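Remarks on the structure that follows.
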Amino acid sequence: MNLIAEFPVECYDLPATLASGQAFRWRESQPVWTGVISRRWVSLRQEPGCIVAQTAVAVADWQWLRHYLQLDLDLHQVLATFPQDDVALQTAVRACPGLRLLRQEPWECLASFICSSTKQIVQIQQIIALLSRRFGEPVPVPEGHEPVWSFPGYARLAGVSEADLRDCKLGFRAPYLRATAQMLATGEADLTRLHTLSQEEARAELLKFPGVGGKIADCVLLFACGFPQAFAVDVWIMKALRRHYFPRRVVKPEKLRRFIRTHFGPHAGYAQQYLFHYMRVKQG
DNA sequence: TCCCAGGCTGCTT
DNA sequence: AAGCAGCATGGG
């Protein structure tokens, strides 16, 4: 039972990973990043060759954190599957080697990305913080740290009024989040078995939720359901794809999806994250 | 003031 | 099938 643990890592850029727009609950305070995973307050710090984690409540088994951070993934094996002659992609990788994908809890991930449409990442972080503070449960925090709350479960949000959600800055997304929470609360839909389906089947299930289209579905498949080939196309990615792979050409969505699958390969989602991150940092 | 943001829905052609 | 306005809210 420990409050602190050290995890040896190779090629893991913790700050870039936590700030790369896949999870929205992490805050940086000097060298330390604090966040909430499930019902645990966690602080993470990158050190040479390892990540140091601290919790508020003693931990017997750290597997939940290893899983969240995907510490057992061999990144070099992933990078080896990328097209080696793709200059744009290789440039993006070299700009931030060590950028990783997390494995998030499906409901929080789905809810977060329902809130994400036509929002900047900082605003999504604000919305998630408001939802947690207002509808989540207090989480134990070490002495002297800001209070934090767990992300509210779908059972809780299913019973919240649309007006209360709009108070959390959800805008037109409020009815989407509420209806999605209700589908899960009634058992009409289920997120826990998505990882057992094929990627296409799981995607079709996600598309049944109101406010969830192809982009958000792919984010959930990639960031929460363990489908590394899922490739989310947002405005930034579309800009990169058009510039590097389809210059001066109109490309239909279905053809684009086929190109992505065949060109980027079995870990296309990782490629997507490198391209997205590179576009963002290059623009500023 | 205008434009854009990790989009989706529903209504037009 | 494909195009497009509308949808809230905040930042540059």
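Bear in mind the structure is a predicted one, so any value in this text is a computation, not a measurement. Every chain is numbered from 1, with letters handed out A, B, ... down the list of sequences.
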(request) Pick base, sugar-phosphate or nothing for Phe24(A), based on heavy-atom distances below 4.0 Å to the nucleic acid. (result) nothing

(request) Among dG6(B), dG7(B), dA8(C), find the nucleotide with the atom closest to the side chain of Ser117(A). (result) dG7(B)

(message) Without decimals, in angstroms, what is the distance between Gln126(A) CD and dA8(C) P?
(response) 19 Å

(request) Nearest whole angstrom, please: distance from the P of dG7(B) to the CG of Leu110(A). (result) 15 Å

(request) Calculate the interatomic distance between Leu206(A) atom CG and dG6(B) atom P; express it in whole Å. (result) 21 Å

(request) Nearest-nucleotide wise, let me know which of Lys215(A) and Phe209(A) is further upstream toward the 5' end of DNA chain B. (result) Lys215(A)

(message) Between Phe259(A) and Phe246(A), is the ring-ring contact (aromatic ring centres under 6.0 Å, His included) condition met? List the steps.
(response) CA-CA 10 Å; Phe259(A) 166 80; Phe246(A) 301 96; 4.9 Å; yes

Distances under 3.5 Å between nitrogen or oxygen atoms of protein and nucleotides 1-5 of chain C:
none

(request) Output the single nucleotide from dG6(B), dG7(B), dA8(C) whose closest atom is nearest the side chain of Ile121(A). (result) dG6(B)

(request) When you get a sec, tell me which of dG6(B), dA8(C), dA5(B) is the closest nucleotide to the side chain of Gln123(A)? (result) dA5(B)

(request) Ignoring the backbone of Arg173(A), work out which of dG6(B), dT9(C), dA8(C) is nearest its side chain. (result) dA8(C)

(message) Is the phosphate of dT9(C) approached by Lys119(A) (side-chain N or O, under 4.0 Å from OP1 or OP2)?
(response) no

(request) Compare the aromatic ring of Phe276(A) with the six-membered base ring of dG6(B) and state whether they stack according to the 5.5 Å and 30° rule. (result) yes

(message) Rounded to whole Å, how long is the line connecting atom CG of Leu130(A) with atom C1' of dT9(C)?
(response) 12 Å

(request) Rounded off to whole Å, could you give me the CD-to-C1' distance for the Gln104(A) and dG6(B) pair? (result) 12 Å

(request) Name the orientation class of the two ring planes belonging to Tyr68(A) and Trp26(A) (parallel below 30°, tilted from 30 to 60°, perpendicular beyond 60°). (result) tilted

(request) Nearest whole angstrom, please: distance from the C1' of dG7(B) to the CG of Leu170(A). (result) 14 Å

(message) Taking Arg258(A) first and then Glu254(A), would you say they form a salt bridge - that is, a charged N and a carboxylate O separated by under 4.0 Å?
(response) no

(message) Ignoring hydrogens and geometry beyond distance, is a side-chain donor-acceptor pair present between Glu200(A) and Ser198(A) at under 3.5 Å?
(response) no

(request) Can you tell me the distance, in whole Å, between the CD atom of Gln120(A) and the C1' atom of dC3(B)? (result) 11 Å

(request) Please work out if Gly211(A) contacts a base, only the sugar-phosphate, or nothing of the nucleic acid, heavy-atom cut-off 4.0 Å. (result) sugar-phosphate

(message) Given dC7(C), dT9(C), dC8(B), identify the nucleotide with an atom nearest to the side chain of Ile216(A).
(response) dC8(B)

(request) Figure out the NZ/C1' separation between Lys169(A) and dA8(C), and round it to whole Å. (result) 10 Å

